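Each chain gets a letter, A, B and so on, in the order its sequence line appears, and its residues count up from 1. What you see is a predicted model; the values in this text were computed from it and never measured.
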Protein chains: 2
Amino acid sequence: MEEDGKGQAADRGEGAPTLEDVARRAGVSTATVSRALNTPERVAPPTREKVDAAVRALGYVPNFGARAMAARRTNTIGAIIPTMENAIFARGIQAFQEALQAEGYTLLVASSLYDPAVEEAEVRALVARGAEGLLLIGHDRDPAITRFLAARGIPAVVTWTWQADGPVPSVGFDNRATMQEMAGQVIAMGHRRLAAISAPTAANDRARARVEGIRAAMAAAGLDPAALDVVETPYGIDTGAAAFARLMSRQHPPTAVICGNDVLAAGALRAAHEMGIDVPGRVSVTGFDDIDLAEVVRPALTTVHVPHRKMGRAAAAALVAMIRGGPTPASTRLVAEIRLRASLAPPPADAPPG
Amino acid sequence: MEEDGKGQAADRGEGAPTLEDVARRAGVSTATVSRALNTPERVAPPTREKVDAAVRALGYVPNFGARAMAARRTNTIGAIIPTMENAIFARGIQAFQEALQAEGYTLLVASSLYDPAVEEAEVRALVARGAEGLLLIGHDRDPAITRFLAARGIPAVVTWTWQADGPVPSVGFDNRATMQEMAGQVIAMGHRRLAAISAPTAANDRARARVEGIRAAMAAAGLDPAALDVVETPYGIDTGAAAFARLMSRQHPPTAVICGNDVLAAGALRAAHEMGIDVPGRVSVTGFDDIDLAEVVRPALTTVHVPHRKMGRAAAAALVAMIRGGPTPASTRLVAEIRLRASLAPPPADAPPG
DNA sequence: GGGGCGAGTGTAAGCGCTTGCACGGCCATC
DNA sequence: GATGGCCGTGCAAGCGCTTACACTCGCCCC
């Protein structure tokens, strides 16, 4: 397109038509065209029709950047998620977007790949594009980012986690308490030697909270929290399988493996199958998130049902309220329920105590 | 944060800092600040440092819209996928984005929810935001959209399908031929009574091509293509399960169910389990896409491995070449390979012929 | 019959940025 | 010791749009 620029430009009639082109063709001023497009009720019907005809004839599409600059509004909201490849985010974000759209906002999504530096860059990029509000995942991040947003007066909501107070209001569930409940169930089944497969906890407060939840349940049951055998590994079925294999090769393998998410758990189940280890006969496995996978896998996965869609909708409502000038709302706590399925059962009778 | 708006405005110094604020603080002109930011090598090092300091102190972030308007470039590419909730798109798009980023482009993603009208609106929205190129899925769409893009001189690439010639170059695989190969394998196993579970074929050339591929394989094997029992159903595990139940309740149930994608196939497997139908003993099931699910499910799913990431990278390369002024490239054909796993086996010995 | 008013439209001032052009100073060259 | 060239910088003209403000009608009311 740039080889010489002249022939091409002719092909497409000197670039995209502008408001002025429309105005000229309709025989009115640019102000009138602008009004016909944005506040049609303030333009006389015959004028409106002339403008509409010109718009159609020219294939006119308003330039978003110019509009944003002149109107000083973008009706755009940004969201930064760790990755689109994780189904749990895809679902929540979809609901978030639908709710925003109903309110007249457009969503821009970026992914941070779990890298804090990338996340910071994405925050700036979204702000540069005029985001009037931001959805973020989790609380772990450089306070400078929060300060930056506050200085700009850009509201933000954190989700996929819940914290009564924090620099940013949250809409989500209590990862620690929920996982404690899950681990409590496992212990109640009679398990004493627990292990966990967790996502890397470094810059991930959700993963950290979940591991803490397990330890809390152990402490509450009189077990030594320090005895929890934790393997951290990146997200993925293969990595989950490898982690499970590692845990089961310990001198005293666990009777229950609590996984930080369903994908890791699915990997554990696959590894168990490959290793000829019976689940839940010999070892129980639990997940977290309740993605579709959980019900399809054999044995079906005991997991925590996270209300992704509800979370997305609630986050959208909170953010829109803030943008429209409401006071900073309190954090909203949703409940995530345990779904008991076949992968959790009492430990084998011959299992030695923890 | 907006309860009254006045005190706040003071807090944030009347809105976001602009280039001019930076220039004033650094004691240089706005032109110099702009150059320091965009072409640092053309600015004397001491000046550059003053500018950088001012930028940091002010927390300056350039206004993307203003920049785009002045520079007449956005370095932005748009993609419209049916939905983010489908893992296959998530993965391909991720690779697409990574490749674009390496070339200095930013990706904007929109989803059409399989609705042509929404897709058209998204095309306009992305063009409005300055997309310099577009990635689209499949060839099915109103020709007016293609004409619109051609008139604007905006290059587009279609993916997830392959067609030697078309209004838009494509980067993908041949859905029809690939599915024909898959169905050929099924028939070679001895199956005669085939059924299919397909995504709605209305505005989806990929789904349509896959069903045609099955029929072509039947015809090639001397079977009556019209005898193929097809159930169309929206994407989802539950819907796949329901479709499978429906197929198996026919007077003469099939011995093989060929599914248009892995998610529908996973639903079929779940339904089979629930109904006490042995797979592959009584009926075989195949999928398409080879998402993670396929290897985790029991029995493991025979499916078609689609090179999502490779496709994303190739599409990015083609699009960038077109944007940079290259000629419209020929369509690129990738190969999708069949992965034979446990869900496909010969039909039961007592199965009556088709 | 004149004044007031509201509806419909036009004029023009920016919004924040990039970039062609001009300019001043410095060094190398003849 | 001029002359030319280059480097670093500033000036100012837009990019395409929205929106206060001003203006013109035509109508209603007194």
Side-chain angles (χ1 to χ4, degrees), chain A residues 5 9 13-51 54-55 58-76 124-125 127-130 132 152, chain B residues 13-52 54-55 58-76 124-125 127-132 152:
Chain A
E14 302 298 338
T18 69
L19 239 213
E20 202 177 334
D21 297 329
V22 176
R24 200 175 308 122
R25 183 172 184 123
V28 298
S29 74
T30 60
T32 297
V33 177
S34 177
R35 281 188 284 255
L37 261 27
N38 300 313
T39 51
E41 72 282 2
R42 304 192 49 182
V43 169
T47 311
R48 202 189 306 159
E49 276 159 29
K50 277 189 300 184
V51 171
V55 165
L58 261 32
Y60 171 74
V61 172
N63 178 317
F64 179 84
R67 169 179 288 193
M69 189 154 45
R72 321 185 66 69
R73 278 169 44 285
T74 59
N75 289 325
T76 296
R124 289 178 190 283
V127 169
R129 282 182 187 264
E132 294 170 3
R152 280 271 187 306
Chain B
E14 302 298 337
T18 70
L19 238 212
E20 200 178 335
D21 296 330
V22 175
R24 199 175 309 122
R25 183 169 184 125
V28 299
S29 73
T30 59
T32 297
V33 176
S34 176
R35 282 188 281 254
L37 261 28
N38 300 313
T39 50
E41 73 282 3
R42 305 192 46 181
V43 168
T47 311
R48 201 188 307 160
E49 276 159 29
K50 276 190 300 182
V51 171
D52 286 351
V55 165
L58 259 32
Y60 171 75
V61 172
N63 178 319
F64 179 84
R67 168 178 288 191
M69 188 152 47
R72 320 185 66 69
R73 277 170 42 284
T74 59
N75 288 326
T76 296
R124 288 176 192 285
V127 168
R129 283 184 188 261
E132 295 170 1
R152 278 272 187 305

Bend angle of the helix from C:dG1-D:dC30 to C:dC30-D:dG1, from helix axes over five pairs at each end, nearest 10°: 40°
Heavy-atom pair with the smallest gap, counting every atom of A:Val61 and B:Ala128: CG1-CB, 3.7 Å
Sugar-phosphate, base or nothing in reach of A:Ser34, heavy atoms under 4.0 Å: base
Length of the CZ-C1' vector between B:Arg42 and C:dG20, whole Å: 11 Å
Distance, rounded to the nearest Å, where B:Asn38 contributes CG and C:dT19 contributes C1': 11 Å
First-last contacting nucleotides on DNA chain D - partner chain B, under 4.0 angstrom, heavy atom: D:dG8 to D:dG16
4.5 Å side-chain heavy-atom contact, B:Val33 and B:Val28: yes
Side-chain donor or acceptor of B:Arg152 paired with backbone N/O of A:Gly59 under 3.5 Å: yes
Between side-chain atoms of residues 36-44 of chain B and protein atoms elsewhere (two or more places apart, or another chain), which donor-acceptor pairs fall under 3.5 Å?
from: B:Asn38; atom 1: OD1; to: B:Arg67; atom 2: NH2; distance (Å): 3.3
from: B:Asn38; atom 1: ND2; to: B:Ser34; atom 2: O; distance (Å): 3.1
from: B:Asn38; atom 1: ND2; to: B:Ser34; atom 2: OG; distance (Å): 3.4
from: B:Thr39; atom 1: OG1; to: B:Arg35; atom 2: O; distance (Å): 3.3

Residues touching DNA chain D, which here means a heavy atom under 4.0 Å, drawn from residues 62-72 of chain B: B:Met69, B:Ala70, B:Arg72
Using a cutoff of under 3.5 Å, can you pull out all pairs of nitrogen or oxygen atoms linking the protein to nucleotides 4-6 of chain C, with atom names and distances?
none

Atom-to-atom span, NZ of A:Lys50 to C1' of C:dG10 - whole angstrom: 13 Å
Inter-residue atom distance B:Ser29.OG - B:Arg24.CZ, 0.5 Å rounding: 13.0 Å
Which atom of A:Thr18 lies closest to which atom of A:Tyr60, heavy atoms considered: C-CE1, 3.5 Å
Minimum heavy-atom distance between B:Ala66 and A:Met69, given as atom pair plus value: CB-SD, 3.5 Å
Protein-nucleotides 11-13 of chain C N/O pairs under 3.5 Å:
none

Which atom of B:Val55 lies closest to which atom of B:Val22, heavy atoms considered: CG2-CG1, 3.8 Å
Interatomic spacing from OG1 in B:Thr74 to CZ in A:Arg129 - rounded to 0.5 Å: 7.0 Å
